[in-house]
Chemist: 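Handing you a structure now.
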Amino acid sequence: MSMWLAGLAGGALIGLSAVLLLWLNGRIAGISGIAFGISDTAASERVWRIAFVAGLLIAGGLALHLLPHEAPREGYSRGVLVLAGLLVGVGTAMGSGCTSGHGVCGLARFSRRSLAAVLTFMITAFVTVFVARHLLGVI
């Protein structure tokens, strides 16, 4: 499968999951909010949140199993990937949301706050890649 087709399929599945969560549960699909909410919500809220995150993990594992040639991020050090993941977590906490919440759902609702968040994290990502790749040579 080509990379653009895999990206298109992944984007369509993210959009479908956001629509289904809103339609079936009345919730906005912000992955970081859903994941952070697992630990500090009532038991009835916790069940659907755990199911949603489990679905994400299962789908990722299934995709790796079915598409072994499409392994993400080959050739990158684990330390850089772990650091990047931690920085994304800090960023989502600071921005009160992530790409799914602001980028997928917020922009679809014409939220100005989400537009500001998306512009901020996209510019930050561009600058981070430029510095890491061209100035530091770590990726």
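Positions are given from 1, in the same order as the sequence printed here.
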Chemist: Where the side chain of Arg49 meets the backbone of Gly33, is there a donor-acceptor pair that is under 3.5 Å apart?
Modeler: yes
Chemist: Let me have the donor-acceptor pairs involving side chains of residues 86-100, under 3.5 Å, with sequence neighbours excluded, atom names and distances please.
Modeler:
{"from": "Thr92", "atom 1": "OG1", "to": "Val88", "atom 2": "O", "distance (Å)": "3.3"}
{"from": "Thr92", "atom 1": "OG1", "to": "Gly89", "atom 2": "O", "distance (Å)": "2.9"}
{"from": "Ser100", "atom 1": "OG", "to": "Ile31", "atom 2": "N", "distance (Å)": "2.9"}

Chemist: Quick test of your reading: applying ring pair (Phe, Tyr, Trp, His ring centres under 6.0 Å), list the pairs with at least one residue in residues 23-63, sequence neighbours left out, ordered by first then second residue.
Modeler: none
Chemist: The criterion is side-chain hydrogen bond (donor to acceptor under 3.5 Å, both in side chains); which residues satisfy it with Ser114, sequence neighbours excluded?
Modeler: His102, Ser111
Chemist: Do Val104 and Leu107 land in one hydrophobic cluster if side-chain heavy atoms of ILVMFWY residues count as linked below 4.5 Å?
Modeler: no
Chemist: To the closest 0.5 Å, what do you measure between CD (Glu45) and CD1 (Ile38)?
Modeler: 11.5 Å
Chemist: Please report the interatomic distance CD1(Ile34) to CG(Leu21), rounded to the nearest 0.5 Å.
Modeler: 5.5 Å
Chemist: Measure the CG-CD1 distance between Leu56 and Ile14 for me, rounded to the nearest 0.5 Å.
Modeler: 8.5 Å
Chemist: To the nearest 0.5 Å, what is the distance between CG (Leu83) and OG (Ser77)?
Modeler: 9.0 Å
Chemist: Tell me who clusters with Val19, hydrophobic residues only, linked when side chains sit under 4.5 Å apart either directly or through other members.
Modeler: none
Chemist: Could you pull out all donor-acceptor pairs under 3.5 Å where a side-chain atom in residues 124-139 meets a protein atom, sequence neighbours excluded?
Modeler:
{"from": "Thr124", "atom 1": "OG1", "to": "Thr120", "atom 2": "O", "distance (Å)": "2.7"}
{"from": "Thr128", "atom 1": "OG1", "to": "Thr124", "atom 2": "O", "distance (Å)": "2.7"}

Chemist: Is it the case that one hydrophobic cluster holds both Met122 and Leu115, taking links as side-chain heavy atoms less than 4.5 Å apart, direct or via other members?
Modeler: yes
Chemist: Provide the closest heavy-atom pair for Ala18 versus Cys105 in the form atom of the first, atom of the second, distance.
Modeler: CB-SG, 3.8 Å
Chemist: Does Val53 share a hydrophobic cluster with Ile50, counting links as ILVMFWY side-chain heavy atoms below 4.5 Å and allowing steps through other members?
Modeler: yes
Chemist: What residues, two or more places apart in sequence or in another chain, satisfy side-chain hydrogen bond (donor to acceptor under 3.5 Å, both in side chains) together with Trp4?
Modeler: Ser2
